[in-house]
Amino acid sequence: MPELPEVEIVKRSLVKTINKAKIVDIKIQNKKLRYVISKDICKYLINQQIIKISRRSKYLIFHFKTNFLLVHLGMTGKFLVMRKIDNTLFKTSFYYDLNILPKHNHIYFTLNNGLSLIYNDVRKFGFIKCYKNSDLNKITFLKKLGVEPLSNSFNNKYFKKIIKNKKKNIKNLLMDQTFVSGLGNIYVNEVLFLTKINPIRVCSSLNTKEVNRLIVNIKSILRLSIAEGGSSIKDFKHTSGKNGKFQQFFAVYGKENKNCSRISCKGKIKKILISSRSSFFCNICQN
DNA sequence: AGGCATGTTACAGG
DNA sequence: ACCTGTAACATGCC
């Protein structure tokens, strides 16, 4: 579920359905996620109104009057919004229909607008933590994040400064959340293909033109994916009922041994491991 | 049975 | 200090 476009889609869906709602009850079914869910959540958030929902990188933030909730979806974290009638939950349009098992529902928020917000996470790599608003600028998770890829701070000047004398490969740099925050394995693979740059290219070897194209392509792929409702989630729907369908546009991710999709290229998509993560590239146009 | 999976972190070693 | 690789977390699917 979790790269920047998917988190942004979840945020927008939540804004449409539960923003301004008040939490009337919280049930923690299983507190063992990546970090143990603290009881503080109940203590500080019951009877509080959700004032705002925002996104930073792949993190979601629910803002309340005196506290905020920081959420990371890990690999398989999902938010379900369901209608609650006579204590029974019913699906709403904002619901991932496939393979959502209630046994992976870990926390239930009952809201005052007839809806319930449920955090479901198969692998439990996600987390939910509650903080005081006054601590917002002290949160390590957020402090160490690099620039947002869609912001103006992610520009040629910033990029060139960082890669100067940098010996690591470009794929690992783009995956590094302290450099640019929000890209993950899928989008990094797609961006490098679109830019015709080999994933193991040493950062310092990139010229100005390549850096420019890389930045432009990162922004356009992320924007396109958001416009298409995100990707990588089967049967994902947001409040408008639209499905995420960016996975249809994947050119290299998961395409090992397929022909390169560039019309004039006779290459094949190869798969290699870089820092233990699958990396896909065309053996000709990303020489 | 074994390998792999959209993420992050800790640690070992070069 | 920087970089890489590996393992770990927990579960499901090929």
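The figures that follow rest on heavy atoms only: side chains count, while hydrogens, waters and symmetry mates do not. Each chain gets a letter, A, B and so on, in the order its sequence line appears, and its residues count up from 1.
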Practice item. Send over the distance from A:Y35 OH to C:dA8 C1', rounded to a whole Å. Key: 13 Å

Point to revise | Residue A:N172, side-chain heavy atoms: nucleotide from C:dT4, B:dT6, C:dG12 that is nearest | key: C:dT4

Practice item. Consider the side chain of A:K103, meaning its heavy atoms from C-beta on, and name the nucleotide among B:dT9, C:dG12, B:dT6 that approaches it most closely. Key: C:dG12

Check your understanding: Any idea which of B:dT8, C:dT4, B:dG7 is nearest the A:M175 side chain?
Key -> B:dG7

Check your understanding: Under a 3.5 Å cut-off for both distances, is B:dT6 Watson-Crick or wobble paired, and to whom?
Key -> none

**Study point:** Polar contact flag, side-chain donor to acceptor under 3.5 angstrom, A:T66-A:K132
**Key:** no

Exercise for review: To the nearest Å, give me how far apart CG (A:D176) and P (C:dC3) are.
Suggested key: 9 Å

Check your understanding: In terms of side-chain heavy atoms of A:M75, which of C:dG12, B:dG7, C:dA10 is nearest?
Key -> B:dG7

**Study point:** C:dT6 and B:dG3, which share atom name P, separated by this distance in whole Å
**Key:** 14 Å

Check your understanding: Is any side-chain nitrogen or oxygen of A:K58 closer than 4.0 Å to OP1 or OP2 of B:dT6?
Key -> no

Check your understanding: Pairs in or reaching into residues 264-287 of chain A: which pass ring-ring contact (aromatic ring centres under 6.0 Å, His included), with residues at least two apart or in two chains?
Key -> A:Y253-A:F280

Exercise for review: To the nearest Å, give me how far apart NZ (A:K78) and P (C:dT11) are.
Suggested key: 14 Å

Check your understanding: What is the distance, rounded to the nearest whole Å, between atom CZ of A:F141 and atom P of B:dG7?
Key -> 16 Å

Check your understanding: Which whole-number value in Å describes the distance from A:I200 CD1 to C:dC3 C1'?
Key -> 15 Å

Check your understanding: Do the side chain of A:E256 and the main chain of A:K271 share a donor and acceptor less than 3.5 angstrom apart?
Key -> no

Review point. Mind checking who C:dC2 pairs with, Watson-Crick or G-U wobble, both distances under 3.5 Å?
Key: B:dG14

Check your understanding: Base, sugar-phosphate, or nothing for A:K167, non-hydrogen atoms under 4.0 angstrom?
Key -> sugar-phosphate

Check your understanding: With respect to the side chain of A:R123, which nucleotide from C:dT4, B:dG7, C:dA10 is positioned closest?
Key -> C:dA10

Check your understanding: Between C:dA1 and B:dT8, how far is it from one P atom to the other, in whole Å?
Key -> 23 Å

Exercise for review: Using a cut-off of strictly less than 4.0 Å, decide whether A:R277 has a side-chain nitrogen or oxygen near OP1 or OP2 of B:dG7.
Suggested key: yes

Practice item. Using a 4.5 Å cut-off on heavy atoms from C-beta on, say whether the side chain of A:K58 contacts that of A:Q177. Key: yes

Check your understanding: OP1 or OP2 of C:dT4 less than 4.0 angstrom from a side-chain nitrogen or oxygen of A:N169, does that happen here?
Key -> yes

Point to revise | Among B:dT8, B:dC4, C:dT11, the nucleotide that comes nearest once only the side chain of A:V122 is considered | key: C:dT11

Study note, to complete from the structure: Looking only at C:dA10, C:dT4, B:dT9, the nucleotide nearest the A:K144 side chain is B:dT9

Practice item. Indicate whether OP1 or OP2 belonging to B:dT9 is found under 4.0 Å from a side-chain N or O atom of A:R34. Key: yes

Exercise for review: Mind calculating the distance between CZ (A:R56) and P (B:dT8) to the nearest angstrom?
Suggested key: 12 Å

Check your understanding: Quick one: are the ring centres of A:Y119 and A:F127 less than 6.0 Å apart?
Key -> no

Practice item. For C:dA10, take OP1 and OP2 only and decide whether either is under 4.0 Å from a side-chain N or O of A:H104. Key: no

Practice item. Measure from CZ on A:F280 to P on B:dC4 and round the result to the nearest Å. Key: 11 Å

Practice item. Grab the NZ-P distance between A:K32 and C:dA10 for me, whole Å please. Key: 7 Å

**Study point:** Side-chain N or O of A:H72 closer than 4.0 Å to phosphate OP1/OP2 of B:dG7
**Key:** no

Exercise for review: Decide, applying a 5.5 Å centre-distance limit and a 30° plane-angle limit (both strict), whether A:F125 stacks on C:dC9.
Suggested key: yes

Exercise for review: For A:S276 and for A:K166, locate the closest nucleotide of DNA chain C by heavy-atom distance; then report the residue assigned to the nucleotide nearer the 5' terminus.
Suggested key: A:K166

Practice item. Decide whether a cation-pi geometry holds between A:R56 and A:F141; the criteria are a distance under 6.0 Å from NZ or CZ to the six-membered ring centre and an angle within 45° of the ring axis. Key: no

Check your understanding: In whole Å, what separates the C1' atom of C:dC3 from that of B:dT6?
Key -> 24 Å

Review point. Heavy atoms under 4.0 Å, any strand shown: does A:N30 hit a base, just sugar-phosphate, or nothing?
Key: nothing

Review point. Under a 4.0 Å N-O cut-off, is there an ion pair linking A:K168 with A:D176?
Key: yes

Point to revise | Any A:K168 side-chain nitrogen or oxygen under 4.0 Å from OP1 or OP2 of C:dA1 | key: no

Check your understanding: Where the side chain of A:E3 is defined as all heavy atoms beyond and including C-beta, which of B:dT6, B:dA5, B:dT9 is the nearest nucleotide?
Key -> B:dT6

Point to revise | Contact under 4.0 Å: A:S275 side-chain N or O vs C:dG5 OP1/OP2 | key: yes

